[in-house]
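To start, the structure itself, in structure tokens.
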Amino acid sequence: MTVRRLLAVPVLAALLAGCGIRSTEVPTDFGAAPSKVRCSLPEPDVAVQTSRGLPVQVFLVCGSSLVAVDRTVRVPDGTADSQRRVLVAQGLLDQLAATPSAAEKEAGYTTVVRGGTTVGGPHAGDPEDTLRLSSSPGDLTSFALAQVVCTFSDSAAAEGDGSVILGGPGREPLRRYECTDEVRSRPGTTQPPSSAVTGG
């Protein structure tokens, strides 16, 4: 009986080898580890960021949603509040239109706000918190309008309730816009809620 068992061992080993089964090998190749987590960036150095200007956040497009990233804008000391809002808003627009950094691109961030867009304060008869863009908000794409509204509403350019009054360069009616969770998660299909502004 013992002899039969000893003879069976090499026979079984040969059969296993013939079937391509290698009992001592464990597969370890699961592909290369991802170098970046999508839509995730390292925390900024707050001290360095503050030294470069006023810390702000802008909303860029990542995947199919809006994600806030840190930026800075420069506002001269002693600027009056009314002018400060306009300077902050222009700085935010410039940051939205800027090409994302290499790290942001690698993490999947992009922007659809075009460069050259400017913003000014209210015209005669407008509410004092009005921001007028160089192009009508209605002419912006859904993504671009969502980026602008959500960025402004989360900044010193907004009113106390987080809403923002926007208009174009002409005399078209002003509208008060809000940024919601739905807009941030689905900017391509969900327009920022807005209501007509009747007067100053």
- [ ] Sort and list the pairs that fulfil disulfide (SG to SG under 2.5 Å) and have at least one residue in residues 75-130, not counting sequence neighbours.
- [x] none
TODO: List in chain and number order the residues that pass side-chain hydrogen bond (donor to acceptor under 3.5 Å, both in side chains) with Glu182, two or more places apart in sequence or in another chain; answer none if no residue qualifies.
DONE: Thr180
Run the side-chain donor-acceptor check on residues 150-158: report pairs under 3.5 Å with partners two or more places apart or on a different chain.
{"residue": "Thr151", "atom": "OG1", "partner": "Phe59", "partner atom": "N", "Å": "2.9"}
{"residue": "Thr151", "atom": "OG1", "partner": "Gln147", "partner atom": "O", "Å": "2.7"}
{"residue": "Ser153", "atom": "OG", "partner": "Val149", "partner atom": "O", "Å": "3.1"}
{"residue": "Ser153", "atom": "OG", "partner": "Cys150", "partner atom": "O", "Å": "3.1"}
{"residue": "Ser155", "atom": "OG", "partner": "Phe152", "partner atom": "O", "Å": "2.8"}
{"residue": "Ser155", "atom": "OG", "partner": "Ala157", "partner atom": "N", "Å": "3.0"}

Open item on the list: Under a 3.5 Å distance rule, please check whether Arg71 uses its side chain to pair with a backbone N or O of Val56 as donor and acceptor.
Closed with: no
Open item on the list: Run Val148 and Leu96 through side chain to side chain contact (heavy atoms under 4.5 Å, CB included) and show every step you take.
Closed with: CA-CA 8 Å; Val148 171; Leu96 282 174; 4.2 Å; yes
Task: Nearest heavy-atom neighbours spanning Arg38 and Gly108 - done: NH1-CA, 3.6 Å
Open item on the list: I want to check something: taking the side chain as every heavy atom from C-beta on, are Tyr109 and Val67 in contact at a cut-off of under 4.5 Å?
Closed with: yes
- [ ] Flag the pair Arg184 and Asp181 as a salt bridge only when some basic side-chain nitrogen lies within less than 4.0 angstrom of an acidic carboxylate oxygen.
- [x] yes
Task: Donor-acceptor contact below 3.5 Å, side chain Glu104 vs main chain Leu60 - done: no
- [ ] Go through Arg175 and Val197 one step at a time and tell me if the side chain to side chain contact (heavy atoms under 4.5 Å, CB included) criterion holds.
- [x] CA-CA 5 Å; Arg175 299 194 69 82; Val197 176; 5.5 Å; no
Open item on the list: Quick check: do Arg74 and Thr72 have side-chain heavy atoms less than 4.5 Å from each other?
Closed with: no
TODO: Would you indicate whether the side-chain heavy atoms of Arg84 and Leu54 approach each other to under 4.5 Å?
DONE: yes
Open item on the list: Minimum heavy-atom separation for Gly167 and Leu174, please, with both atom names.
Closed with: CA-CD2, 3.6 Å
Task: Side-chain heavy-atom pair Leu145, Pro192 within 4.5 angstrom cut-off - done: yes
- [ ] Identify the two heavy atoms, one from Gly91 and one from Val73, that lie closest to each other, and give their separation to 0.1 Å.
- [x] C-CG1, 3.5 Å
Task: Shortest non-hydrogen contact from Ser65 toward Pro187 - done: CA-CD, 3.8 Å
Open item on the list: Measuring from atom CG of Leu166 to atom CG of Leu133, what distance do you get when rounded to the nearest 0.5 angstrom?
Closed with: 5.5 Å
TODO: Report the C-alpha separation of Thr118 and Leu93 in whole Å, then their side-chain angles, then the decisive distance to 0.1 Å, and conclude whether the side chain to side chain contact (heavy atoms under 4.5 Å, CB included) test is met.
DONE: CA-CA 7 Å; Thr118 60; Leu93 276 180; 5.9 Å; no
TODO: Identify, with sequence neighbours excluded, every residue that meets side-chain hydrogen bond (donor to acceptor under 3.5 Å, both in side chains) alongside Ser163.
DONE: Asp161, Arg176
Task: Heavy-atom side-chain proximity of Val58 to Val69 below 4.5 angstrom - done: yes
TODO: For Leu87 and Pro76, work out which heavy atoms get closest and say how close.
DONE: CD1-CD, 3.9 Å
Open item on the list: If the condition is salt bridge (charged side-chain N to carboxylate O under 4.0 Å, His left out), which residues does Glu178 pass it with, not counting sequence neighbours?
Closed with: none
Open item on the list: Rounded at 0.5 Å granularity, tell me how far CZ in Arg171 sits from CZ in Arg132.
Closed with: 5.5 Å
Task: Side-chain heavy atoms of Leu92 within contact of Gln95, under 4.5 Å - done: no
- [ ] Could you tell me which non-hydrogen atom of Gly116 sits nearest to which non-hydrogen atom of Ser134, and how far apart they are?
- [x] O-OG, 4.3 Å
Open item on the list: Would you compute the distance between atom CD of Gln191 and atom CG of Leu140 and round it to the nearest 0.5 angstrom?
Closed with: 9.5 Å
Task: Asp70 side, atom CG; Leu41 side, atom CG - distance, nearest 0.5 Å - done: 8.5 Å
Open item on the list: Between Tyr177 (side chain only) and Ile165 (backbone N and O only), is there a donor and an acceptor less than 3.5 Å apart?
Closed with: no
Task: Any pair counted as disulfide (SG to SG under 2.5 Å), so long as it reaches residues 102-141, sequence neighbours left out - done: none
